[in-house]
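What follows is a short report on a single structure.
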Amino acid sequence: GAVVSQHPSWVICKSGTSVKIECRSLDFQATTMFWYRQFPKQSLMLMATSNEGSKATYEQGVEKDKFLINHASLTLSTLTVTSAHPEDSSFYICSASWQRPYNEQFFGPGTRLTVL
Amino acid sequence: AQSVTQLGSHVSVSEGALVLLRCNYSSSVPPYLFWYVQYPNQGLQLLLKYTSAATLVKGINGFEAEFKKSETSFHLTKPSAHMSDAAEYFCAVSDGSSASKIIFGSGTRLSIRP
């Protein structure tokens, strides 16, 4: 149980285009989803937290107009990188959680974004 | 505010030897502590978690960790390393509340020598 998927697993795009990454909780309803960014050989940095049906909460320094997050249902959240540039190339990982005695996040397999 | 510090960005041990990955935390509230493993180009897999129950936590793949409040530590150990243990390991902390953030350490890369 508690499986989270991401699609696509990797994507290459041209500079200036937009890319959408999907995060799905396959066997549970996620009240909260998180989006992380990971640069090579570095740790995960939280970008934003999203709750179903409400606006995402972005971490300091993350451009909300560049990284659009939508959490339209309890099983799906999307991250859209708008007007992507080479510096946006990274590994993006989502996680999902729901109301429990403690907060455990279940992580997706990640999406490798390369912007040419 | 919460934080974790992982001592040693790279640890190398021989196959069959003891694995010890160090993690110290800082938290103003009782923490929830986690160890995750990440294989190349993959997401994170939970190894084990401490949620204020037993201080010695056993996880998957033979790993365990002990919560020591007096030392603010949550070190990860495995008695005998296997080649398949080679990966990146992250210690993490949260306050356990609903939708709380997980704060990750910088990670430790574990290499296993034949």
Tell me, yes or no, whether the heavy-atom count around A:H7 atom NE2, taken from other residues, nucleotides or ligands under 6.0 Å, exceeds 12. no

What part of A:Q38 gets within 4.5 angstrom of chain B, counting heavy atoms only: side chain, backbone, both, or neither? side chain

Could you tell me whether B:R22 atom CZ has more than 12 heavy atoms of other residues or ligands within 6.0 Å of it? no

Identify which part of B:E88 has an atom lying under 4.5 Å from any heavy atom of chain A, answering side chain, backbone, both or neither. neither

Measuring heavy-atom distances to chain A, does B:L44 have an atom under 4.5 Å in its side chain, in its backbone, in both, or in neither? both

Taking a hydrophobic cluster as the set of Ile, Leu, Val, Met, Phe, Trp and Tyr residues connected by side-chain heavy atoms closer than 4.5 Å, whether directly or through intermediates, do B:L21 and B:V93 fall within one such cluster? yes

Can you tell me which portion of A:I93 sits under 4.5 Å from chain B's heavy atoms? Options are side chain, backbone, both or neither. side chain

Of all the heavy-atom pairs spanning B:Q38 and A:F91, show the shortest one and how long it is. NE2-CE2, 3.8 Å

Atom pair NZ/OG of A:K41 and B:S9 - distance to nearest 0.5 Å: 10.5 Å

Taking every heavy atom of B:S106 against every heavy atom of A:S43, the minimum-distance pair comes out as CA-CB, 3.8 Å

Side chain to side chain donor-acceptor pair (under 3.5 Å) with A:S89: which residues, sequence neighbours excluded? none

Against chain A, label B:F90 side chain, backbone, both or neither, depending on which of its atoms sit under 4.5 Å from a heavy atom there. side chain

Nearest 0.5 Å, please: how far is CG in A:L46 from CD1 in B:I103? 7.0 Å

Around A:K66, counting heavy atoms of other residues, nucleotides and ligands shown, do more than 12 lie under 6.0 Å from its NZ? yes

Rounded distance (nearest 0.5 Å) linking atom CZ of B:F104 with atom CE of A:M45: 11.0 Å

To the nearest 0.5 Å, what is the distance between OG1 (A:T111) and CG (B:N41)? 11.5 Å

Quick test of your reading of the model: are A:E59 and B:K101 salt-bridged, counting only N-O distances below 4.0 Å? yes

